[in-house]
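Treat the numbers as computed from the prediction; the structure is a model and nothing was measured. As the structure lists them, so they are numbered: ligands from 1, and atoms in each ligand from 1.
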Amino acid sequence: MEQIHIRPFQPEDLQRVVSINRTCLPENYPGLFFMSLYESFPKAFIVAEDIETNTLIGYVMGRIERGFSSLKGYKLTKKGHIVSIAIIEKYRRKGIATRLLEAALEGFREYGASESFLEVRESNIEAVNLYQKIGYVEKKVLPGYYRDGEDALLFTCPL
Ligand code: ACO
Ligand code: ZN
């Protein structure tokens with residue numbers, strides 16, 4: 001897929017990213033939320049663009065949080081939280097989410113994070129497989145985490 005470029009999010013991309021998020025996921029956010037992540041952690045907000053058609057086809061966004069390490073006992077550390085990732089349907093299973101995540105994890109490293117974490121619906125097999133393939137490991141179940149009552153799986157990964 002040479003015609004897919006991976007690049008940092010730019011403010012002009014906002015409406016398209018909001019629309020991909022609404023099309024692909026039940027967890028939606030106001031535009032200002034996307035912009036505040038971009039302003040605080042631009043290296044962890046990455047988009048994929050089809051340069052043949054000039055359209056955005058996916059995004060990943062994240063933020064740095066401080067908290068206890070999931071990997072090294074009760075040590076306070078910087079952790080890169082993958083907040084949301086989605087690829088529009090017709091571009092799936094071509095390795096694009098993998099490329100986006102790798103770029104976001106590199107951004108987390110540049111911010112000094114030593115591990116990453118994320119939550120995912122337990123029924124979301126595609127995403128669970130993606131995270132496991134990249135090196136995330138299931139840490140625990142978060143019962144009733146989603147608004148509809150579904151459990152989340154908390155995944156963590158060293159950076
Ligand atoms: N069935 C089984 N495994 C899958 C599937 C699938 N349909 N799709 C991806 N995977 C796994 C495979 O292990 C795959 O490796 P392989 O193709 O070598 O077998 C691996 O993930 C990597 O696949 P990619 O091609 O990089 O993933 P893709 O670009 O298709 O995007 C994603 C995966 C983001 C989960 C996509 O299906 C999507 O947008 N889904 C809807 C939105 C969503 O669920 N986002 C995650 C929510 S959780 C969160 O945001 C923190
Ligand atoms: Zn989260």
Side-chain angles (χ1 to χ4, degrees), residues 1-7 9 13 16-34 36-38 40-41 43-53 55-71 77-108 111 113 115-159:
M1 295 287 287
E2 304 103 52
Q3 94 262 27
I4 305 301
H5 275 198
I6 304 295
R7 62 162 176 83
F9 170 89
D13 301 326
R16 183 64 188 149
V17 168
V18 166
S19 133
I20 296 171
N21 169 255
R22 291 196 183 148
T23 310
C24 298
L25 280 167
E27 288 71 44
N28 307 131
Y29 318 93
L32 277 175
F33 177 73
F34 293 86
S36 77
L37 287 182
Y38 162 69
S40 304
F41 307 107
K43 293 178 179 180
F45 198 157
I46 315 289
V47 296
E49 183 171 38
D50 185 332
I51 53 164
E52 231 152 71
T53 55
T55 44
L56 284 203
I57 53 108
Y59 72 89
V60 61
M61 60 188 184
R63 68 175 169 232
I64 301 293
E65 296 176 15
R66 270 176 193 283
F68 288 115
S69 172
S70 311
L71 305 166
T77 91
K78 276 192 198 174
K79 308 196 272 192
H81 179 179
I82 294 290
V83 173
S84 183
I85 179 169
I87 306 293
I88 65 171
E89 210 162 348
K90 83 176 229 239
Y91 287 88
R92 288 184 193 162
R93 210 73 197 261
K94 298 175 190 299
I96 299 168
T98 302
R99 289 170 63 193
L100 283 176
L101 266 177
E102 278 167 356
L105 297 186
E106 185 52 35
F108 287 156
Y111 290 125
E115 61 192 67
S116 175
F117 73 96
L118 56 83
E119 307 89 14
V120 58
R121 286 178 182 269
E122 62 165 8
S123 64
N124 193 345
I125 308 299
E126 298 85 354
V128 165
N129 286 346
L130 162 71
Y131 301 138
Q132 285 175 336
K133 195 173 173 196
I134 285 193
Y136 284 87
V137 174
E138 187 185 324
K139 175 82 180 164
K140 60 178 171 191
V141 178
L142 305 174
Y145 180 83
Y146 293 100
R147 273 214 283 197
D148 59 7
E150 185 169 349
D151 296 349
L153 304 177
L154 178 70
F155 274 85
T156 61
C157 159
L159 287 174

(Q) Under 4.0 Å, heavy-atom basis, I'd like to know which part of I88 is in contact with ligand 1: side chain, backbone, both or neither. (A) neither
Q: Kindly confirm or rule out an N or O of I87 lying under 3.5 angstrom from an N or O of ligand 1.
A: yes
Q | ligand 1 contact by I125, heavy-atom criterion under 4.0 angstrom | A | no
Q: Distance to 0.1 Å, residue and atom name: give those for the protein heavy atom nearest to atom 41 (C) of ligand 1.
A: R92 NH2, 3.5 Å
(Q) Could you identify the single nearest non-hydrogen protein atom to atom 43 (C) of ligand 1 and state the distance to 0.1 Å? (A) L25 CD2, 3.5 Å
(Q) Quick test: of every protein heavy atom, which one is nearest to atom 31 (O) of ligand 1, and how far off is it to 0.1 Å? (A) A97 CB, 3.1 Å
Q) Do D148 and R121 sit within salt-bridge range, that is, some charged N less than 4.0 Å from a carboxylate O? A) yes
Q: Just go through I85, L153, N129 and tell me whose heavy atom is the nearest to atom 13 (O) of ligand 1.
A: N129
Q. Can a non-hydrogen atom of Y131 be found less than 4.0 Å from any atom of ligand 1?
A. yes
Q. Nearest protein heavy atom to atom 1 (N) of ligand 1, by residue and atom, and its distance?
A. R93 NH1, 3.4 Å
Q. Which protein heavy atom lies closest to atom 44 (O) of ligand 1, and at what distance to 0.1 Å?
A. N124 ND2, 2.7 Å
**Q.** Atom name, H81 (N, O or S, nearest to the Zn ion (ligand 2))
**A.** NE2
Q: Using only N, O or S atoms, tell me which atom of E119 is closest to the Zn ion (ligand 2).
A: OE1
**Q.** Test item, E89 contacting ligand 1 (heavy atom, 4.0 angstrom)
**A.** no
Q. Should you measure from each heavy atom of I82, which atoms of ligand 1 turn up under 4.0 Å away?
A. 51 (C)
